[in-house]
Amino acid sequence: MAPATSLARDRAGSTTAAGRPGAKGPVLHSRLVAVVTAAGCAAHLWLGAAGRHGVWLSVLMLALAAVCLPCAVHIWRHSRVGALHQVTVAAVGMAVVHAALLLGAGGAGHAHGARPPSSAAGANGAPELLLVIALELVTALLAASLLSRLRRGPA
């Protein structure tokens, strides 16, 4: 009976990303990945609902948010490897798509509505696209580094 009691005491001190006693894992890292992924979902929902990119792109953004939001939940709760793979691949894929938009037509194909002539600097949407690409690469890096930590096991 004594070993079971000490085992229960050892497990009570550690928590997972889901907050369950007993399991171990990088809680802060997984929560950070989940929050960044959820923020990306929120941005897609906001841009899709605003309709500033046309109907078919708005529908595509809403679909992307619908696909990524469950991954954010799975990463928050359990640090699921499949969800981390999906977030990594999606973030890299979106960085490539936005880089293609930036390089093709000098970013002019991704302008966000009419701008006054006084804002000639950045009128082609390039600064926004560069920021989006940077955020997508950070998301991919965070998810990939969490995958690496999970594969190594507890330190």
Side-chain angles (χ1 to χ4, degrees), residues 14-20 23-155:
S14 65
T15 60
T16 65
R20 291 183 315 234
K24 298 181 192 242
V27 176
L28 181 61
H29 196 163
S30 64
R31 295 280 167 95
L32 179 62
V33 174
V35 167
V36 170
T37 302
C41 291
H44 280 100
L45 285 172
W46 177 69
L47 289 170
R52 293 173 27 184
H53 289 82
V55 174
W56 75 272
L57 278 176
S58 293
V59 170
L60 183 62
M61 282 189 256
L62 293 173
L64 284 170
V67 168
C68 288
L69 195 56
C71 291
V73 172
H74 290 305
I75 293 169
W76 181 274
R77 289 185 176 171
H78 309 289
S79 297
R80 295 245 169 106
V81 172
L84 288 165
H85 280 292
Q86 190 169 347
V87 166
T88 304
V89 169
V92 170
M94 291 307 298
V96 168
V97 167
H98 284 108
L101 288 171
L102 179 66
L103 295 174
H110 195 263
H112 288 185
R115 295 181 187 237
S118 62
S119 67
N124 62 0
E128 292 89 357
L129 281 173
L130 287 172
L131 179 62
V132 166
I133 292 167
L135 291 173
E136 289 161 344
L137 292 176
V138 166
T139 302
L141 179 66
L142 286 169
S145 62
L146 180 56
L147 273 169
S148 176
R149 286 182 72 185
L150 292 173
R151 284 187 183 139
R152 279 186 299 197

With rounding to the nearest 0.5 Å, note down the distance linking [atom1] in [X] to [atom2] in [Y].
X      : Y      : atom1 : atom2 : result
Arg149 : Ser79  : CZ    : OG    : 9.5 Å
Leu129 : Leu101 : CG    : CG    : 6.0 Å
Ser30  : His74  : OG    : NE2   : 14.0 Å

Fill in: Note, Trp46 side chain near Arg52 side chain (heavy atom, < 4.5 Å)
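Yes; the side chains approach each other to less than 4.5 Å.
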Discussion item. Is any side-chain heavy atom of Leu150 closer than 4.5 Å to one of Leu84?
Written reply: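 Yes. Closest side-chain heavy atoms under 4.5 Å.
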Considering all heavy atoms, the nearest [X]-[Y] contact:
X      : Y      : value
Thr88  : Ala144 : OG1-N, 3.7 Å
Ala140 : Val92  : CB-CG2, 3.7 Å
Ala143 : Val33  : N-CG2, 4.0 Å

Please list, chain by chain and in numerical order, all residues satisfying side-chain contact (heavy atoms from CB on, under 4.5 Å) with [X], sequence neighbours excluded.
X      : result
Val81  : His85, Leu147
Leu45  : Leu62, Ala65
Ala34  : Ile75, Trp76
Leu137 : Ala95, Ile133

Fill in: His44: partners by side chain to side chain donor-acceptor pair (under 3.5 Å), with sequence neighbours left out
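Not a single residue meets the side chain to side chain donor-acceptor pair (under 3.5 Å) criterion with His44.
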Fill in: Counterpart residues, side chain to side chain donor-acceptor pair (under 3.5 Å), relative to Gln86 (two or more places apart)
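Once residues adjacent in sequence are excluded, Gln86 has no partner under the side chain to side chain donor-acceptor pair (under 3.5 Å) criterion.
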Discussion item. Before you tell me yes or no, could you show the steps for Cys68 and Val87 under side chain to side chain contact (heavy atoms under 4.5 Å, CB included), namely the whole-Å CA-CA distance, both residues' side-chain angles and the distance that decides it to 0.1 Å?
Written reply: CA-CA 7 Å; Cys68 288; Val87 166; 5.8 Å; no
Item to complete: Mind jotting down which residue pairs meet the side-chain hydrogen bond (donor to acceptor under 3.5 Å, both in side chains) criterion with at least one end in residues 133-143? Sequence neighbours excluded, please.
Response: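 Checked against side-chain hydrogen bond (donor to acceptor under 3.5 Å, both in side chains) - neighbours excluded - the pairs reaching residues 133-143 are His98-Glu136.
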Item to complete: Would you please test Leu57 and Leu47 for side chain to side chain contact (heavy atoms under 4.5 Å, CB included) and show each step?
Response: CA-CA 9 Å; Leu57 278 176; Leu47 289 170; over 6 Å; no
